[in-house]
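Step one of this worksheet: look at the structure below.
Indexing begins at 1, ligand by ligand and atom by atom, following the structure's order. Computed from heavy atoms alone, side chains included, the values below leave out hydrogens, waters and symmetry copies. Bear in mind the structure is a predicted one, so any value in this text is a computation, not a measurement.
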Amino acid sequence: MRLKQTEKYRNSNLIKPEVEWLADGVVTVDLFFPTDAETAEAAALVVGEKMQLKQVEVIHVEVLHPVEGTRIQIKGVFDEDIDLTKLKVVKKEATLSPEEILNYVKKNQLKIVAGTGGSDEHSVGMREILDIKHGGVEAYGFEYHYLGTSVPIEKFVDAAIETKANVILISLIISHDDVHYKNMKKLHDYAIEKGVRDQLIIIAGGTQVSSELAQKHGMNQGFSRGTKGIDVASFIVREHGKNDAS
Ligand code: B12
């Protein structure tokens, strides 16, 4: 009987979230309320109903700290079909081969300055993008100058001018109050002020960075979770190649 009920999801363009059975519609939602556990539980059920979830139930309650509040998880059934033909899917551009990148970088002497910007101390992601041991851009022949962590935004541009770098890589992990986008805009504006924006490829990365919004805030490109050195290296080569051709 269950197979019959879910017939329309087999070999079709329709999907639905699932946990246990094909297209059972089950989803979980993570919430935080600045209240005690009992109030948070009641409030979470209302959220589930207002999100039009069916069979809403609380599956996890965790008081983070009595003066802070409660983290809570609900589960419910999302009863709508998603039509695959109507989705706006953003496909990742294929990377260049390591040989193509190495040859281009050798011919064009591409230099990078990099660091984590503003008051951001999260350096792990930035190092993964840079270091040879993580398959970072260093593996593709790029010369880089690492400025460190919590680097003042203006310093990225000043250092690029000083070292004659063509690329700035800035890591912005903290996203409270959209500080990552504010810093991207600040970097872009400062490069204009210094008269070097056209000569620089400026790339921002971080867990909460959207490519679209990074570009809207003046970056040539933005990269997020799961980025590898080869993604960044391919982008730099393509972007630099465009300017070469123009
Ligand atoms: C480790 C860590 C720390 C360490 C950092 C140590 C270090 N030397 O890096 C310490 C303990 C110092 C720390 C401190 C803080 N942290 Co912290 N931290 C983390 C944690 C657990 C992991 C980050 C990490 O290393 N990820 C692994 C790397 C490989 O992933 P990634 O950073 O996303 O990088 C990838 C991509 O984003 C991208 N990328 C990243 N940078 C760049 C740059 C470029 C140019 C490109 C192309 C790509 C790129 O490529 C990378 C590889 O794929 C995260 C939670 C999480 N799971 O993400 C919280 C997290 C980032 N921290 C957080 C917070 C709030 C803080 C503090 C403010 C806490 C506090 N109240 O003090 C402080 C801030 C300190 C500061 N001034 O920056 C929040 C940020 C929330 C937000 N959205 O703003 C998080 C998300 C935790 C949370 N859920 O609340 N943290």
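The pair Asp79-Lys16 counts as a salt bridge, with a side-chain nitrogen and a carboxylate oxygen less than 4.0 angstrom apart. In summary, Lys4 and Glu7 do not engage in a salt bridge, as defined by a charged side-chain N under 4.0 Å from a carboxylate O. The pair Asp131-Arg127 meets the salt-bridge criterion, with a side-chain N (NZ, NE, NH1 or NH2) lying under 4.0 Å from an Asp/Glu carboxylate O.
The CD1 atom of Ile129 lies 7.5 Å from the CG atom of Asp231; values are rounded to the nearest 0.5 Å. Interatomic distance, CD1 of Ile201 versus CG of Asn220, reported as 6.0 Å (0.5 Å rounding). For the atom pair Asp30 CG and Gln73 CD, the distance stands at 4.5 Å (nearest 0.5 Å). For the atom pair CD1 of Ile112 and CG of Leu169, the computed distance is 5.0 Å after rounding to the nearest 0.5 Å. For the atom pair Asn183 CG and Ser175 OG, the distance stands at 12.0 Å (nearest 0.5 Å).
Within ligand 1, counting atoms from 1 as listed, the ones closer than 4.0 Å to a heavy atom of Gly206 are 37 (O), 39 (N), 40 (C), 41 (N), 42 (C), 49 (C). Near Ile173, with a cut-off below 4.0 Å to any heavy atom, the atoms of ligand 1 are 32 (O), 40 (C), 61 (C). Those atoms of ligand 1 with a heavy atom of Val232 less than 4.0 angstrom away are 47 (C). For ligand 1 and Thr207, the ligand atoms under 4.0 Å from any heavy atom of the residue are 31 (P), 32 (O), 33 (O), 37 (O). Atoms of ligand 1 lying under 4.0 Å from any heavy atom of Ser119, numbered from 1 in the order shown and given with element: 76 (C), 77 (N), 78 (O). Per-residue contacts place Gly226 under 4.0 angstrom from the following atoms of ligand 1 (heavy atoms of the residue considered): 53 (O). Near Ile129, meaning under 4.0 Å from one of its heavy atoms, ligand 1 places the atoms 46 (C), 48 (C), 49 (C), 50 (O). Heavy-atom contacts of Asp120 reach the following atoms of ligand 1: 78 (O) (cutoff under 4.0 Å).
Side-chain atoms of Ser234 and Arg238 include no donor-acceptor pair closer than 3.5 Å.
The shortest contact between atom 9 (O) of ligand 1 and any protein heavy atom is with Ser123 N, 2.7 Å. The shortest contact between atom 83 (N) of ligand 1 and any protein heavy atom is with Ser175 OG, 2.7 Å. The closest protein non-hydrogen atom to atom 65 (C) of ligand 1 is His176 CE1, 4.0 Å. Taking atom 38 (C) of ligand 1 as the reference point, the nearest protein heavy-atom neighbour is Ser224 O, 3.5 Å. Closest to atom 18 (N) of ligand 1, if we only count protein heavy atoms, is His122 NE2, 3.2 Å. Atom 49 (C) of ligand 1 has as its closest protein heavy atom Gly205 CA, 3.5 Å. Looking at atom 34 (O) of ligand 1, its nearest protein heavy atom turns out to be Gly125 CA, 3.3 Å.
Note: the hydrophobic cluster containing Ile170 does not contain Val232 (ILVMFWY, side chain heavy atoms under 4.5 Å, direct or indirect links). Hydrophobic clustering, with ILVMFWY side chains joined whenever heavy atoms are under 4.5 angstrom apart, keeps Met51 apart from Ile59.
In this structure, atom 47 (C) of ligand 1 has protein heavy atoms in its sub-4.0 angstrom surroundings. For atom 70 (C) of ligand 1, no protein heavy-atom neighbour is present inside the 4.0 Å cut-off. In this structure, atom 40 (C) of ligand 1 has protein heavy atoms in its sub-4.0 angstrom surroundings. Protein heavy atoms are found inside the 4.0 Å sphere centred on atom 5 (C) of ligand 1. Protein non-hydrogen atoms do not reach within 4.0 Å of atom 86 (C) of ligand 1. Within 4.0 Å of atom 29 (C) of ligand 1, at least one protein heavy atom is present.
Partner of Ile203 under the side chain to side chain contact (heavy atoms under 4.5 Å, CB included) criterion, out of Thr227, Val209, Ile236: Ile236 alone.
For ligand 1, the polar-atom distance check against Glu121 finds a nitrogen or oxygen pair separated by under 3.5 Å. Here's the thing with Thr227: one of its N/O atoms is less than 3.5 angstrom from an N/O atom of ligand 1.
Both the backbone and the side chain of Ile174 come within 4.0 Å of ligand 1, judged by heavy-atom distances. At a 4.0 Å heavy-atom cut-off, ligand 1 touches Ile170 through the backbone alone.
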Note to self: One pair to check against side-chain contact (heavy atoms from CB on, under 4.5 Å): Leu110 and Val137. What are the steps and the verdict?
What the structure shows: CA-CA 11 Å; Leu110 297 180; Val137 292; over 6 Å; no
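Between His217 and Tyr181, the two ring planes are parallel [angle under 30°; tilted spans 30° to 60°].
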